[in-house]
S.K.: 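Got a structure for you, questions after.
By convention in this document, chain letters (A, B, ...) are assigned in the order of the sequence lines, proteins followed by strands, and residues within each chain are numbered from 1. Here the structure is a predicted model, which is why all the values come from computation and not from measurement.
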2 protein chains.
Amino acid sequence: MSESENATAPSPKPQSARGRGPATLRSIASVVGVSPSAVSMALADHPRIGRETKEAVRAAARDLGYVANSAGRALRAGRSTSIAVVVPNTAQHVFGHPYFMHLLVGVNEAANAQDTAVLISTNPATDHDPAAYDRILRSQAAAGAIIASAAINDPNVSRMVDGGLPVVLIGRYPHLPHAVSVGMDDVAGAAAATRHLIAEHGLRRIGHISGPLEHQTALDRYQGFRDAIAESPEPCVQSLAVGDFSEEAGRACAAQLLDGMPGLQAIFAANDEMAYGALLELRSRGLRVPQDVALVGYDDFGVSRLTTPAITTVRVPAEELGRRAARRLFDLIDGAAEPVTHENVPIELVARESCGCPPD
Amino acid sequence: MSESENATAPSPKPQSARGRGPATLRSIASVVGVSPSAVSMALADHPRIGRETKEAVRAAARDLGYVANSAGRALRAGRSTSIAVVVPNTAQHVFGHPYFMHLLVGVNEAANAQDTAVLISTNPATDHDPAAYDRILRSQAAAGAIIASAAINDPNVSRMVDGGLPVVLIGRYPHLPHAVSVGMDDVAGAAAATRHLIAEHGLRRIGHISGPLEHQTALDRYQGFRDAIAESPEPCVQSLAVGDFSEEAGRACAAQLLDGMPGLQAIFAANDEMAYGALLELRSRGLRVPQDVALVGYDDFGVSRLTTPAITTVRVPAEELGRRAARRLFDLIDGAAEPVTHENVPIELVARESCGCPPD
DNA sequence: CCAGAGTGCTCAAACGATTGAGCAACCGAG
DNA sequence: CTCGGTTGCTCAATCGTTTGAGCACTCTGG
């Protein structure tokens, strides 16, 4: 009541246009001398706003460094301007894994292109909690979510997929056929790796160190391994040890394979960490890699390149995975026609030394 | 049945309590039969709300899976419930660096404890843009920011520090004495590493591969290197090559040091990536590590542990850095008395094989 | 029987952005 | 001169949450 816009009211209230705090539509409005609505419409390039007004508004917005308040916009629009990247199980080795970081780089890039912020969401160590990411999503802090590295049986995943929020899964989820997901062909990748050992290096007695079998990725890589063995023209002997993607497990599983299978010629590990563990075990037994036992890993996030010998591996294009997942999520959010439910990014065998190939 | 409870208004408005979409204060209110205000106060455990009402509200909130809409809350409160982690310069080697990920783990942990979301903010590749993170902060999507790995001369940093938003810097910023920062004593760390080469292994001719000297971290590590040389009871000879923290630079700088300083006995690299590059160069010249040339790195994010020989390094507690930075940021946001402007987390020398110490 | 205190709620306003409805001014055609 | 259309804005309501003010009621002491 004691207020007005362009008037020079001597009221003590600091309701001034150029007051402290970030610029708002109102502050621009009072500078330009129009209503906040007009400012909003001008910035949106609404046809019913005059050219001069638009120019004046844009100039004032630039001068004041105006950026729309995200809470106000989200509240009105009914949806946030952020997307969330969700990592359901925060075992340290998951969130801390380089895979996740590469994913994030890709997601971030795609999100930047859409002027969208990226929210990281994970569980605290105590998993009896109703899940931190659940709260983030229910609070509508994110317009959608990308879910990475979930176990097959994680009930949270299907709950979120059915939760009404746009969700893109990373990986393959055959038991959730209606879910949108972006993954890679792990079966083909693992088969290629195994076939390389068989066909290029003539190895016949091969052990596989798999990941935990409640992860689809572990299942698929094991499947690819068996496929390659089965399709081999020469008869091959296979063996399996189940690990948990950790270096320690790789070491223990390698020991198990070596003890259980005389004349073992090669080990294919479902990720590089375990391959490195296997390398340590082989080395400690005085076995040479690749001369005595050949070794192949999976992932190629830097680990495998650094070891001596460098580990032959299958490159997982995590960054591309993140990029595509984000783009798909934006399609979902924008309600674009979306018949595609699963997309694979190409994988690639990276032959280094541990399989017996010549060093570079 | 699609209508409100106590009012039998025949209006066609689908204002029903249990309508589609997420639960709101209003929907709880109409279930319980009180006003939205009462619900809000009940959930906040306000003393002026009766015990029975509180219980009914809490039960209804639980049943409906109510989580406060973050946009509404942020708008009303005038501040977001997220914090941002900002990485000003997105050269791939910065955002993609494991350091960043460890930082994120720590930040995330502390943020989870405060029911706060973590926003990742970085620049797209094209840096002519007014900066993506700038927009995030100006849009008030975050209540505060943690800024990681900024160059000394990055004008964005001081702008953000002075921008009114609570900001915690990671690292040491001697030219921004009023800024709150969390870092580590790189001078001491580098001195310890260098001193180890001098005192434990008796080396006297030592080269340093530094990072880009517009980074305080690079300056401090170089300073520590020189301090250790200067304080040595035996006269030492030093030499410097300036890199950019990349493996390629490490390799080139190692070549430069080897060519420029006859009888070089040791190399101290300002990070592990460059130490690894140096290792490759030494190896390609047929020089043995550590017998011919000893090698020390800095960071300990996994790389240095994996190489052969494993690289002696200085452990940077990135996770702890992130944790403390987040906690300090919450202090700032909550307006806690905050005289402390800089805090150091302890560093630790990790002696492995590349310096000449016995393997494990 | 009434003042005063205490209890338990409701009301209304506010945060900032957006948008359908509406209104005033003007122009050209009839 | 008036009617219809167009232009260029303003108004008011809305999103969901929070909170100071206020209202109705009960209890207690005098």
Side-chain angles (χ1 to χ4, degrees), chain A residues 1-6 13 15 17 19-30 32-57 61 64 66-81 115 138-141 143, chain B residues 5-7 13-15 17 19-30 32-57 61 64-81 138-141 143:
Chain A
M1 317 328 167
S2 70
E3 281 318 311
S4 76
E5 313 256 290
N6 14 20
K13 259 171 118 191
Q15 187 69 356
R20 284 137 302 286
T24 67
L25 284 186
R26 238 206 297 278
S27 59
I28 296 178
S30 85
V32 176
V34 293
S35 72
S37 319
V39 175
S40 175
M41 297 169 90
L43 291 174
D45 206 23
H46 193 286
R48 298 287 292 272
I49 299 294
R51 191 179 47 77
E52 289 181 32
T53 305
K54 278 181 185 170
E55 280 166 8
V57 165
L64 296 174
Y66 172 78
V67 175
N69 178 295
S70 59
R73 175 171 282 179
L75 183 56
R76 166 70 212 214
R79 76 152 114 128
S80 161
T81 49
D115 270 337
R138 284 246 273 281
S139 74
Q140 298 154 82
Chain B
E5 311 257 290
N6 9 23
K13 262 169 114 190
Q15 186 70 356
R20 285 141 301 289
T24 67
L25 284 185
R26 238 205 298 277
S27 59
I28 297 178
S30 86
V32 177
V34 293
S35 73
S37 319
V39 175
S40 176
M41 297 168 91
L43 291 174
D45 206 23
H46 193 286
R48 296 289 289 273
I49 299 294
R51 192 179 46 78
E52 288 181 32
T53 305
K54 279 181 186 172
E55 281 166 8
V57 165
L64 297 174
Y66 173 78
V67 175
N69 177 297
S70 59
R73 177 171 281 179
L75 183 56
R76 164 71 212 208
R79 76 150 116 130
S80 161
T81 49
R138 286 247 272 279
S139 74
Q140 298 153 82

S.K.: Would you say the side-chain atoms of K54(B) pair up with the backbone N or O of A44(B), donor to acceptor, closer than 3.5 Å?
M.R.: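 No, K54(B) side chain to A44(B) backbone: no donor-acceptor pair under 3.5 Å.
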S.K.: Look at the side chain of R138(A) and the backbone N and O of G65(B), then say whether any donor-acceptor pair between them is shorter than 3.5 Å.
M.R.: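 Side chain of R138(A) to backbone of G65(B), a donor-acceptor pair under 3.5 Å: yes, one is there.
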S.K.: Can you list, in residue-number order, the parts of residues 35-54 of chain B that come under 4.0 Å of DNA chain D, counting heavy atoms only?
M.R.: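 The stretch gives S37(B), S40(B), M41(B) as the residues lying under 4.0 Å from the strand, ordered by number.
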S.K.: Are the side chain of S139(B) and the backbone of N69(A) linked by a donor-acceptor contact shorter than 3.5 Å?
M.R.: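 No, the answer is negative, given that no donor and acceptor are paired below the 3.5 Å cut-off.
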S.K.: Give the rounded distance in Å between these two atoms: CD of E55(B) and C1' of dG8(C).
M.R.: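 For the pair E55(B) CD and dG8(C) C1', the rounded distance is 15 Å.
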S.K.: Kindly give the heavy-atom pair with the smallest separation between P36(B) and A29(B), and that separation in Å.
M.R.: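 Looking at all heavy atoms of both residues, the shortest contact is N-CB, 3.5 Å.
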S.K.: To the nearest Å, give me how far apart CG (L75(A)) and C1' (dT18(C)) are.
M.R.: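 Result: 11 Å.
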S.K.: For I28(A) and dT10(D), what is the distance between atoms CD1 and C1' respectively, to the nearest whole Å?
M.R.: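 Nearest whole value for this atom pair: 17 Å.
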S.K.: Within this structure, what is the OG-CG distance for the pair S70(A) and D115(A), rounded to the nearest 0.5 Å?
M.R.: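 It is 12.0 Å, given to the nearest 0.5 Å.
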S.K.: Less than 3.5 Å between a donor and an acceptor, one on the side chain of R76(B) and one on the base of dT17(D), is that the case here?
M.R.: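 When only heavy-atom distances are counted, R76(B) does not reach the base of dT17(D) through any donor-acceptor pair under 3.5 Å.
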S.K.: Can you give me the bend angle of the helix from dC1(C)-dG30(D) to dG30(C)-dC1(D)? Use the axis through the first five pairs and the one through the last five, nearest 10 degrees.
M.R.: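 If I round to tens, the end axes sit 70° apart.
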S.K.: Using OP1 and OP2 only, check whether a side-chain N or O of R73(A) sits under 4.0 Å from dT18(C).
M.R.: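 Affirmative; the distance criterion is met.
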S.K.: Report the distance from atom CZ of R79(A) to atom CZ of R73(A), rounding to the nearest 0.5 Å.
M.R.: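 These two atoms lie 11.0 Å from each other.
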S.K.: I need the CZ-P distance between R26(A) and dC11(D), as an integer number of Å.
M.R.: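 Rounded to whole Å, this separation is 13 Å.
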S.K.: Check the distance between dG16(C)'s P and R79(B)'s CZ and give it to me in whole angstrom.
M.R.: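 That distance rounds to 15 Å.
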S.K.: Of all the heavy-atom pairs spanning S80(A) and A74(A), show the shortest one and how long it is.
M.R.: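 Taking every non-hydrogen atom into account, CA-CB, 3.9 Å.
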S.K.: Once rounded to the nearest 0.5 Å, what's the spacing between atom CZ of R48(B) and atom CE of M41(B)?
M.R.: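 R48(B) atom CZ to M41(B) atom CE measures 7.5 Å (nearest 0.5 Å).
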